Amino acid sequence: GAHPRCAVSRLGEIACKAAPVGCVLLADAVGDTVRRLVGREASEETIEARTAERARRVRTLLTDLGPTFIKFGQMLSIRPDVIPPAAVYELQKLCDAVPPYPTAVS
């Protein structure tokens, strides 16, 4: 029936929305490692600003992906042992101000 096609379609949508954010996070991690190896680490301010921007992008991505992903972000928002403080701050916004979703979408 149509159900497997819906699941594949949704997986494609998730991948298309998440891939750009994932690539940026991966590039940051690789870049940070290379800079550390050659002794040219970024300043603390630069790292904090970049982390805050990436956290905003992740929050936006989770919001775009819908209620299940928002819930995942809410769960992560109470785990400062797992994610950096800037990410905790951004994901806590998912607990306070979440856009409404029509029942058919959720």
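Note that the coordinates shown come from a computational prediction; the quantities given were computed from them, not determined experimentally.
When side chains are defined from C-beta on, Thr60 does not count as touching Arg57, because their heavy atoms never get closer than 4.5 Å. With contacts defined as side-chain heavy-atom distances shorter than 4.5 Å, the pair Thr51/Asp28 does not qualify.
For Phe69, the CZ atom counts as densely surrounded, since its 6.0 Å shell holds more than 12 non-hydrogen atoms of other residues, nucleotides or ligands.
With Thr46 contributing its side chain and Ala42 its backbone, the two residues share no donor-acceptor pair below 3.5 Å. Checking side-chain atoms of Gln74 against main-chain N and O of Leu94 turns up a donor-acceptor pair under 3.5 Å. Under a 3.5 Å cut-off, the side chain of Ser9 and the backbone N or O of Arg5 do not form any donor-acceptor pair.
Between Lys17 and Leu61 the shortest heavy-atom distance is O-CD1, 3.3 Å. Considering all non-hydrogen atoms of both residues, Ala87 and Ala55 come closest at CA-CB, 3.6 Å. Taking both residues in full, the closest heavy atoms of Ile70 and Thr63 are given as CG1-CA, 3.9 Å, listed atom of the first, atom of the second, then distance.
A continuous path of ILVMFWY side-chain contacts below 4.5 Å connects Leu91 to Met75, so both sit in one hydrophobic cluster. Residues Ile14 and Leu26 are members of separate hydrophobic clusters, defined by side-chain heavy-atom contacts under 4.5 angstrom among Ile, Leu, Val, Met, Phe, Trp and Tyr. A continuous path of Ile, Leu, Val, Met, Phe, Trp and Tyr side chains, each step under 4.5 Å between heavy atoms, connects Ile83 with Val58, placing both in one hydrophobic cluster. Under a hydrophobic-cluster definition in which Ile, Leu, Val, Met, Phe, Trp and Tyr are linked whenever side-chain heavy atoms come within less than 4.5 Å, directly or via other members, Leu65 and Phe72 are assigned to the same cluster. Cluster annotation: Leu62 and Val88 are assigned to the same hydrophobic cluster (Ile/Leu/Val/Met/Phe/Trp/Tyr, side-chain heavy-atom contacts under 4.5 Å, transitive).
Look at Arg35 and Glu41 and you find no salt bridge, because none of the NZ, NE, NH1 or NH2 atoms lies under 4.0 Å from a carboxylate O. The pair Arg10-Glu13 meets the salt-bridge criterion, since a charged nitrogen lies less than 4.0 angstrom from a carboxylate oxygen. The pair Asp32-Arg40 does not count as a salt bridge, with every side-chain nitrogen at least 4.0 angstrom from each carboxylate oxygen.
In this view, Asp64 satisfies the salt bridge (charged side-chain N to carboxylate O under 4.0 Å, His left out) rule with no residue, not counting sequence neighbours. Checked against salt bridge (charged side-chain N to carboxylate O under 4.0 Å, His left out), Lys71 has no partners two or more places apart in sequence or in another chain.
Glu90 contributes atom CD, which lies 11.5 Å from atom OG of Ser77 (distance to the nearest 0.5 angstrom).
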